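Encoded as structure tokens, the structure appears first; notes follow it.
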Amino acid sequence: MTITLETVQSAARVVRGRIHRTPLIPSASLSRMTGHDLWLKAENLQKTGCFKPRGALNRLSKLSAAERARGVLAASAGNHAQGLAFAAADARIPVTVVMPANAQPSKIAATRATGAEVILHGTVFDEALARALELRETTGKVFVHPCTDPDVVSGAGTIGLEILEDLPGVDAIVAPIGGGGLTSGLAVAVKEQPQGRRVRIFGVEPEGAPSMKRSLEAGRRVVLDSARSIADGMTGRAVFDETLEYARRYLDDVVLVSDEAILRAMTLMLTRCKMLAEGAGAGPVAAALEGLPALPPGSKVVAVVSGGNQDLDLLARWLSKGLPTA
């Protein structure tokens, strides 16, 4: 996987006019609570409710006519599936997605509603990915990896370009880590520009699935025995060698947050900002509320709200009955 400022800029040209240029929204309430000048990059307002169409549109633009006819294949906890199905719909490219059987029902339904074939397999993303790779060998479909495909990652990086253009003088950007694709693309887009070299970039993971944090500490890719969190978009047992390398080169730190902190951030964003964020999307706000390492008070901070595809029945259950314990 090779990501450069030029590949991200090329992706920006591909997706321009086909996605929303999502707003940067300041929050006085969250700024007071965090001690920083906090802004929200509202990718929850993106088409399909998450940032994923950026990479999917860029990747599908590179397909040959024969590849389009065969169709595409992916594994996803939900958002990559929706983004890919959305990107493929206008071009009538067939899409098959393998999702964990316990994926949020609303994400499964939304993916099917966009026209994709959904296969349920396993209980975590890693197991769905293994099944998708098996299907690639038997179906001949083009596999679109959510985290290591360079066109997908470059598309995600367009978020970084927009942040630098819309908020000059930003001091730090905080983004969730699932497989590491978003932080890889975003970090290259920011740090490879002269005005972005001073910007600190923090990745966020749940305490129950700290695969990037543990891998960076070990100096190698670590596969966790288990991964658990209410933030399904950040719940994998391992990141990838490619994204680990970009994290080593570009991330300033990886912050761990508890599910309790994530739920608190979701609640505050809903009540104070009138913004629905899923667990992964609220993770950066949770990290800012808990405290970002060695970041001076009053810093201008952007939290990337990566998605808002939260199942409302689940959210209501967590708020009324508490978080799951097993």
Side-chain angles (χ1 to χ4, degrees), residues 1-12 41 43 50-52 54-56 58-59 62 74-76 79-80 83 125-126 129 143-164 170 172-206 209-224 233-256 280 283-284 287 292-293 302-304 306:
M1 182 176 76
T2 300
I3 311 301
T4 66
L5 178 58
E6 289 71 26
T7 67
V8 178
Q9 290 170 331
S10 174
K41 178 60 170 170
E43 285 295 297
C50 68
F51 74 95
K52 294 291 189 177
R54 295 174 180 268
N58 191 43
R59 178 66 184 94
K62 307 295 195 296
S76 172
N79 284 342
H80 179 57
F125 169 76
D126 312 73
L129 176 61
F143 183 71
V144 181
H145 199 290
C147 305
T148 66
D149 186 296
D151 295 316
V152 171
V153 176
S154 294
T158 59
I159 295 171
L161 299 181
E162 293 176 11
I163 292 172
L164 281 190
V170 59
I173 300 172
V174 193
I177 296 176
L182 171 58
T183 49
S184 295
L186 185 152
V188 170
V190 172
K191 297 269 194 177
E192 290 297 330
Q193 298 192 66
Q195 68 270 37
R197 288 171 189 157
R198 54 171 288 279
V199 179
R200 301 190 69 193
I201 299 184
F202 296 94
V204 180
E205 290 185 308
S211 53
M212 183 66 83
K213 183 79 167 179
R214 298 292 175 257
S215 296
L216 288 169
E217 291 171 345
R220 58 176 177 80
R221 180 174 179 264
V222 172
V223 180
L224 305 175
M234 296 193 290
T235 308
R237 292 192 300 117
V239 291
F240 302 93
D241 289 327
E242 297 91 336
T243 56
L244 176 58
E245 179 57 30
Y246 278 84
R248 283 197 195 102
R249 290 167 56 187
Y250 291 103
L251 291 190
D252 290 276
D253 208 341
V254 175
V255 180
L256 302 184
L292 297 169
V302 172
V304 179
S306 57

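These numbers come from a predicted model, not from an experiment.
Proximity of Pro146 to Lys52: side-chain heavy atoms (C-beta onward) are separated by under 4.5 Å at one or more points. Thr7 is not listed as a side-chain neighbour of Thr2, based on a closest heavy-atom distance of 4.5 Å or more. Within the 4.5 Å cutoff, the side chain of Asn58 has heavy atoms near those of the Ser154 side chain. Proximity of Thr183 to Tyr246: side-chain heavy atoms (C-beta onward) are nowhere separated by under 4.5 Å. Side-chain contact between Leu164 and Val170: present, with at least one pair of heavy atoms (C-beta onward) separated by less than 4.5 Å. Between Leu129 and Phe143, the closest side-chain pair of non-hydrogen atoms falls below 4.5 Å. Using a 4.5 Å heavy-atom cutoff, the side chains of Lys41 and Phe51 are not in contact. Inter-residue side-chain proximity for Ser306 and Leu182 is flagged as met; some heavy-atom pair is nearer than 4.5 Å.
Rounding to the nearest 0.5 angstrom, the gap separating the NZ atom in Lys213 from the CD1 atom in Ile177 is 9.5 Å.
In terms of the side chain to side chain donor-acceptor pair (under 3.5 Å) criterion, Gln9 has no residue partners (sequence neighbours excluded). The side chain to side chain contact (heavy atoms under 4.5 Å, CB included) search around Asp149 returns Arg59, His145, Asp151, Val152, not counting sequence neighbours. Legend: residues meeting side chain to side chain donor-acceptor pair (under 3.5 Å) with Arg214, ordered by chain and number and at least two apart, are Glu217.
Judged purely by atom type and a 3.5 angstrom limit, Asp252 uses its side chain to pair as donor or acceptor with the backbone of Ile201. Side-chain atoms of Arg248 never come within 3.5 Å of backbone atoms of Leu216 as a donor-acceptor pair (strictly under, hydrogens ignored). A donor-acceptor contact shorter than 3.5 Å links the side chain of Arg200 to the backbone of Pro293. When atom types are taken as modelled, the side chain of Arg237 and the backbone of Leu224 share a donor-acceptor pair closer than 3.5 angstrom. With hydrogens and angles ignored, the 3.5 Å screen pairs no side-chain donor or acceptor of Glu245 with any backbone N or O of Asp241.
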